[in-house]
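Notes follow the structure.
These numbers come from a predicted model, not from an experiment.
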Amino acid sequence: MSEAVAQQAEEQEPEVDLSIADKVIDKYIDLPGNLMPVLQAVQDEYGYVPRKVAEHVAERLNVYPSQIYGVLTFYAQFHLKPRGRFIIRVCVGTACHVSGAPRIVETFFDKLHIGHAETTPDLRYTFEKVACLGACGMAPLAMVNDDTFGKMTVQKVDEIIAEYNQRPMK
């Protein structure tokens, strides 16, 4: 990475409180095979794994940063960018697809002004198309965090967004 690119990346990332990561690391420091639990707990605390935290974890656990990034980029559960408070997932599996999921997806895109795997600038919403949510009998299906919305319609998209716009950010 060139110096200019590294500086630009550093400027784009908000300041992070490394004491939060230190508390997590201290909890798992003596646990053999502690990398995964540390990274999962760090993500739970920050909502994603900031670059500075990943580098701090590498230093504290005495592992190469490349090992940290290898884990972070291999497992889909880890996120390297801030995510929204509300994660909207729309199933695009076969049952949902034939029941109208593409229209539901397009409606969310239009209403939120974001696409797949994107987050609104205010960090309220992240939108994801997923291959299967495992509830074909409720197709088309959407989820917001752990809340399930079956038999989705375009009209329900407005209701869901209105409902979650009323909820506090934390």
Side-chain angles (χ1 to χ4, degrees), residues 9 12-14 16 20-21 24 27-28 31 33-54 57 65-170:
Q12 292 175 347
E13 189 168 279
V16 293
I20 296 168
V24 169
K27 180 178 177 183
Y28 294 101
L31 179 72
N34 56 9
L35 183 56
M36 286 293 284
V38 166
L39 292 176
Q40 290 167 331
V42 161
Q43 181 165 277
D44 287 345
E45 292 292 331
Y46 293 95
Y48 71 110
V49 182
R51 185 181 53 81
K52 290 178 184 173
V53 172
V57 168
S66 61
Q67 289 175 276
I68 300 286
Y69 284 104
V71 171
L72 293 175
T73 56
F74 181 79
Y75 294 102
Q77 66 178 291
F78 292 114
H79 305 284
L80 298 170
K81 294 181 181 175
R83 293 171 45 89
R85 164 82 170 89
F86 303 108
I87 310 297
I88 299 171
R89 295 180 178 93
V90 174
C91 181
V92 294
T94 303
C96 288
H97 181 84
V98 298
S99 300
R103 285 188 20 225
I104 304 301
V105 168
E106 288 302 319
T107 304
F108 273 114
F109 286 175
D110 291 344
K111 301 289 182 181
L112 298 175
H113 307 289
I114 57 174
H116 169 67
E118 293 180 351
T119 300
T120 56
D122 64 358
L123 301 179
R124 180 169 287 276
Y125 298 105
T126 294
F127 183 87
E128 298 174 342
K129 295 188 293 184
V130 295
C132 183
L133 289 171
C136 298
M138 299 170 66
L141 183 73
M143 290 185 73
V144 180
N145 294 352
D146 294 328
D147 299 331
T148 303
F149 300 91
K151 306 291 183 194
M152 280 294 298
T153 63
V154 169
Q155 292 76 25
K156 284 185 178 180
V157 170
D158 286 330
E159 295 169 17
I160 290 170
I161 291 172
E163 177 183 338
Y164 285 89
N165 279 342
Q166 299 299 314
R167 295 192 181 189
M169 285 295 284
K170 271 280 175 173

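Listed here is the closest heavy atom pair of G84 and T119: N-CG2, 3.6 Å. The nearest pair of heavy atoms linking L31 to N34 is O-CB, 3.1 Å. When all heavy atoms are compared, the tightest approach of V49 to L80 is O-CD2, 3.8 Å. Taking every heavy atom of both residues into account, P140 and A101 meet most closely at CB-N, 4.1 Å. When all heavy atoms of P37 and G33 are compared, the closest pair comes out as CD-O, 3.6 Å. For C132 against C91, the heavy-atom pair with the smallest separation is CA-SG, 3.7 Å.
When each of F127, F86, Y125 is tested with Y164 by the rule ring-ring contact (aromatic ring centres under 6.0 Å, His included), just one qualifies, namely F86.
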Worked check of side chain to side chain contact (heavy atoms under 4.5 Å, CB included) between I88 and T126: CA-CA 6 Å; I88 299 171; T126 294; over 6 Å; no
Residues F108, V90; criterion side chain to side chain contact (heavy atoms under 4.5 Å, CB included); working and verdict: CA-CA 9 Å; F108 273 114; V90 174; 3.8 Å; yes
Test F78 against M36 for side chain to side chain contact (heavy atoms under 4.5 Å, CB included), laying out the working first. CA-CA 10 Å; F78 292 114; M36 286 293 284; 4.0 Å; yes
Take V154 and R103 through the side chain to side chain contact (heavy atoms under 4.5 Å, CB included) test and state the conclusion after the steps. CA-CA 7 Å; V154 169; R103 285 188 20 225; 3.7 Å; yes
For R167 and D147, what are the C-alpha separation, side-chain angles and deciding distance, and is it a salt bridge (charged side-chain N to carboxylate O under 4.0 Å, His left out)? CA-CA 13 Å; R167 295 192 181 189; D147 299 331; 3.6 Å; yes
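Considering only heavy atoms from C-beta on, T148 comes within 4.5 Å of L141 through its side chain. Contact annotation: the side chain of I87 never approaches that of V144 to less than 4.5 Å [non-hydrogen atoms, C-beta and beyond]. The shortest distance between side-chain heavy atoms of K27 and V24 does not fall below 4.5 Å. Counting only heavy atoms from C-beta outward, the side chains of E118 and F109 never approach each other to under 4.5 Å.
Under the rule for a side-chain hydrogen bond (donor to acceptor under 3.5 Å, both in side chains), the partners of D122 that lie at least two apart in sequence or sit in another chain are T120.
With rounding to the nearest 0.5 Å, the separation of OG1 in T153 from CG in D158 is 9.0 Å. Between atom CD1 of residue I68 and atom CG of residue L35 there is a gap of 4.5 Å, rounded to the nearest 0.5 Å. Atom OG in S66 sits 11.5 Å away from atom CG in L72 (nearest 0.5 Å). A distance of 7.0 Å separates CG in L133 from SG in C96, rounded to the nearest 0.5 Å. Here the CD-CZ distance, from E128 to R89, works out to 5.0 Å after rounding to the nearest 0.5 Å. A distance of 6.5 Å separates CD1 in I20 from CD in E45, rounded to the nearest 0.5 Å.
No side-chain donor-acceptor contact under 3.5 Å links R85 to the backbone of R124. Side chain of E163 to backbone of I160: no donor-acceptor contact under 3.5 angstrom is found. With hydrogens and angles disregarded, no donor-acceptor distance shorter than 3.5 Å links the side chain of Y46 to the backbone of A41. Within the 3.5 Å criterion, the main-chain N or O of K151 finds a donor-acceptor partner in the side chain of K156.
Counted by atom type alone, Q43 and Q77 present zero donor-acceptor pairs between their side chains at under 3.5 Å.
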